[in-house]
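Report on the following structure.
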Amino acid sequence: MEAPLLEVRGLRTSFFTDDGEIPAVDGVDFSAREGEVLGIVGESGCGKSVTSLSIMGLLPKGIGKVVGGEIWFKGENLVEASERRMKQIRGNEIAMIFQEPMTSLNPLFTIGDQLVEAIRLHTKIRKKEARARAAEMLKLVGLPRAEQMLDEYPHQLSGGMRQRVMIAMAMACQPALLIADEPTTALDVTIQAQILALMKELNRTFGTAIMMITHDLGVVAEICDRVIVMYAGQIVEEGSVQAIFRRPQHPYTAGLIRSIPDIRGKKERLYSIPGQVPKPGSVRCGCRFAERCEYVFDRCRQEDPQLYETGEQGHRTRCFLALEKGGGVDERPVARSERA
Amino acid sequence: MIIPVLFGMSLVVFFMIRAIPGNPAQVILGQKATKEAVAALTHKLGLDEPWYVQYVKYIGGLLRGDLGESIRTGAPIAEEIWPYLAATLELSLAAMLIAVVIGVNAGIISAWFQHSWFDYIAMVLALIGVSMPIFWLGLMEQWLFSIQLDWLPTSGREDVRNPIEPITHLYLIDTLLSGNTEQFWQVVQHLVLPSMALATIPMAIIARMTRSSMLEVMKSDYIRTARAKGVSMFWVVYKHSLKNAIIPVLTVIGLQTGLLLGGAILTETIFSWPGIGRYIYDAIGYRDYPVIQSGILIIAAIFIFINLIVDLLYAAIDPRIKYN
């Protein structure tokens with residue numbers, strides 16, 4: 001098998017505050033292949049956004065820092081890359097779109113200015129050509145009257161349109177990897193579906209790998225090939241979308257799937273995982289999910305679980321249940337999540 | 001908006017100066033003048049008429065573009081005031097140029113390198129700057145740069161041994177118009193100390209304002225977007241952030257420019273600068289009512305004009321702001 005496009009090995013990112021070092025990402029390994037759509041799922045504060053900012057080298061200066069591990073992208077370790085090199089990579093080879101389309105575009109520059117800037121930063125072409133290319137990109141992301149829109153300001157557009165502009169800007173240099181940090185969270189459901197369809201289409205057309213960061217398993221089911229589930233700064237489960245939805249191996253993943261509202265559902269109270277995500281750095285020993293887990297047993301509190309193969313290709317879980325014969329959570333009666 | 005403000009201003013000034021004890025005729029004629037002589041001059045100046053007649057006459061003159069005549073010199077104020085006004089304009093604009101260039105950049109760099117030694121030193125200096133008495137700073141400048149080091153002249157607008165032939169009364173322009181570079185440099189040298197003294201407070205305020213505004217903007221999502229596009233930190237700061245951060249700073253720049261125009265009396269006195277502050281100050285001593293009235297009104301008008309420009313600049317910078 002060829003080398004993956006992006007390979008993250010043992011990534012540890014910490015925030016340094018007045019209260020000391022807070023590990024936000026604690027030993028994360030994963031990879032993304034070319035043209036793949038990889039979902040990263042987890043609750044707020046599980047480290048999924050910090051992972052993406054670590055890859056981009058955009059952690060808040062002086063506070064956030066990669067303290068360990070490697071990020072290999074096209075044979076280059078980004079952790080050791082100079083700021084100069086990172087500038088060339090950002091927007092050109094790895095692009096990123098964000099959660100808040102309403103505030104992610106500079107309000108004082110026209111759409112055209114912002115797109116042309118993105119193009120000309122990485123491509124040596126004239127302003128006029130860049131403008132033509134910008135219009136082309138706007139059409140590509142499904143914005144009609146593109147020429148006219150180049151001279152408009154962000155406040156003249158709706159949230160969905162702005163997110164399309166963001167996508168156009170991110171795709172302007174045809175990056176190999178697009179990191180999308182909750183791109184649909186702030187949008188209406190119908191717009192969400194349109195944006196996801198657009199991203200899937202761009203992924204197919206250009207072969208751009210997408211790293212889709214979300215807390216919404218619906219989004220994952222819609223567009224991803226593979227999923228990584230993160231909890232408290234670690235990966236707790238990794239596998240294909242089908243495997244994860246059909247046979248979740250980690251109780252946390254199973255809990256997430258159970259808490260998706262079911263449109264056909266009987267009128268019962270929606271399931272929610274009891275308890276809260278532990279504060280980063282607060283769990284010293286044992287499984288980080290132990291306090292909230294309904295399957296917890298003694299070993300969970302004494303030993304740190306590793307990522308174990310479940311037997312299925314590429315499916316790994318950080319749970320001792322997997323080590324037991326015929327392990328996995330859906331063997332138990334509590335997890336009743338036959339979906340997908 | 002401008003007309004009612006100026007109208008109100010004229011009314012306030014009109015009454016305030018008449019509240020100052022002392023009769024202009026008495027001041028002009030001296031303490032030994034006879035009662036008859038004082039009464040005759042008072043009548044001649046029209047000061048024995050009821051206040052509303054005086055006010056209506058004054059406003060009537062203003063509406064015809066007549067600022068009145070100085071009681072003391074008898075010259076029309078519109079002609080007499082310009083050289084003083086020009087001196088003040090030259091000084092305040094030079095001071096604001098220094099204040100804006102240094103203040104804005106110091107604020108930007110402090111925000112960019114927050115918590116660095118530059119940030120700490122700049123902000124401590126800014127704090128000292130706003131709390132420094134300007135007349136004292138002016139005296140120290142004279143002592144150091146003129147007396148001890150002998151680099152710059154202590155006071156005045158020009159070298160008295162080499163007087164300038166006024167054309168516009170803005171000496172920087174006049175010397176350039178007459179092509180006299182030697183005199184031009186003399187004017188610049190005379191400008192340095194007073195404009196530095198005058199620039200101190202606005203510079204400090206602008207630096208602090210720019211810093212906090214930049215820090216706010218640099219946290220925003222669109223700055224992260226710019227970084228993610230691969231824009232270098234320099235352009236992120238000087239293009240994407242500054243354009244957004246400068247809007248509140250512009251307000252401060254406008255207000256401070258206005259303050260310099262009217263509030264430079266102390267600095268003008270220390271540096272013997274023949275500006276409008278000293279012109280009005282002298283007029284108060286002589287109870288020269290028309291000069292005080294018109295002088296203050298002109299300063300108010302300039303103040304309003306500057307703030308109007310600031311409002312127009314907002315709209316030019318921020319497409320979300322529209323005026324009808």
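Below, read A as the first sequence line, B as the second, and so on, with proteins coming before strands; counting in each chain starts at 1.
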Give, as side chain, backbone, both or neither, the part of [X] having an atom under 4.5 angstrom from any heavy atom of chain B.
X: A:Leu105; value: backbone
X: A:Met169; value: side chain
X: A:Met166; value: side chain

Check your understanding: By a 4.5 Å heavy-atom criterion (distance strictly below it), what part of B:Val217 contacts chain A: side chain, backbone, both, or neither?
Key -> neither
Point to revise | B:Ile321 portion near chain A, given a 4.5 angstrom heavy-atom threshold | key: neither
Check your understanding: Can you name the closest pair of heavy atoms from A:Met96 and B:Ala228 and give their distance?
Key -> CB-CB, 4.2 Å
Check your understanding: What is the minimum heavy-atom distance between A:Pro107 and B:Pro319, and which atoms define it?
Key -> O-CG, 3.5 Å
Kindly provide each donor-acceptor pair between chain B and chain A shorter than 3.5 Å, listing atom names and distance.
| unit_1 | atom_1 | unit_2 | atom_2 | d |
| --- | --- | --- | --- | --- |
| B:Trp112 | O | A:Lys61 | NZ | 2.9 |
| B:Asp221 | OD2 | A:Thr103 | OG1 | 2.5 |
| B:Tyr222 | N | A:Thr103 | O | 3.2 |
| B:Thr225 | OG1 | A:Ser104 | O | 2.7 |
| B:Arg227 | NH1 | A:Glu83 | OE2 | 3.4 |
| B:Ala228 | O | A:Gly91 | N | 3.1 |
| B:Lys229 | O | A:His122 | NE2 | 2.8 |
| B:Lys229 | NZ | A:Gln114 | O | 2.9 |
| B:Lys229 | NZ | A:Glu117 | OE1 | 2.9 |
| B:Lys239 | NZ | A:Glu117 | OE2 | 3.2 |
| B:His240 | O | A:Asn106 | ND2 | 3.3 |
| B:His240 | ND1 | A:Asn106 | ND2 | 3.4 |
| B:His240 | NE2 | A:Glu117 | OE1 | 2.9 |
| B:His240 | NE2 | A:Glu117 | OE2 | 2.8 |
| B:Lys243 | NZ | A:Leu108 | O | 3.2 |
| B:Asn244 | ND2 | A:Asn106 | OD1 | 2.9 |

Review point. What residues form a ring pair (Phe, Tyr, Trp, His ring centres under 6.0 Å) with B:Tyr84, not counting sequence neighbours?
Key: B:Tyr279
Study note, to complete from the structure: Contacts satisfying salt bridge (Lys or Arg N to Asp or Glu O under 4.0 Å) that involve residues 192-207 of chain B (not counting sequence neighbours) are none
Which atom pairs, donor and acceptor, lie under 3.5 Å between side-chain atoms of residues 90-103 of chain B and protein residues at least two apart or in another chain?
| unit_1 | atom_1 | unit_2 | atom_2 | d |
| --- | --- | --- | --- | --- |
| B:Glu90 | OE1 | B:Arg157 | NH2 | 2.9 |
| B:Glu90 | OE2 | B:Tyr171 | N | 2.8 |
| B:Glu90 | OE2 | B:Leu172 | N | 2.7 |
| B:Ser92 | OG | B:Thr88 | O | 2.5 |

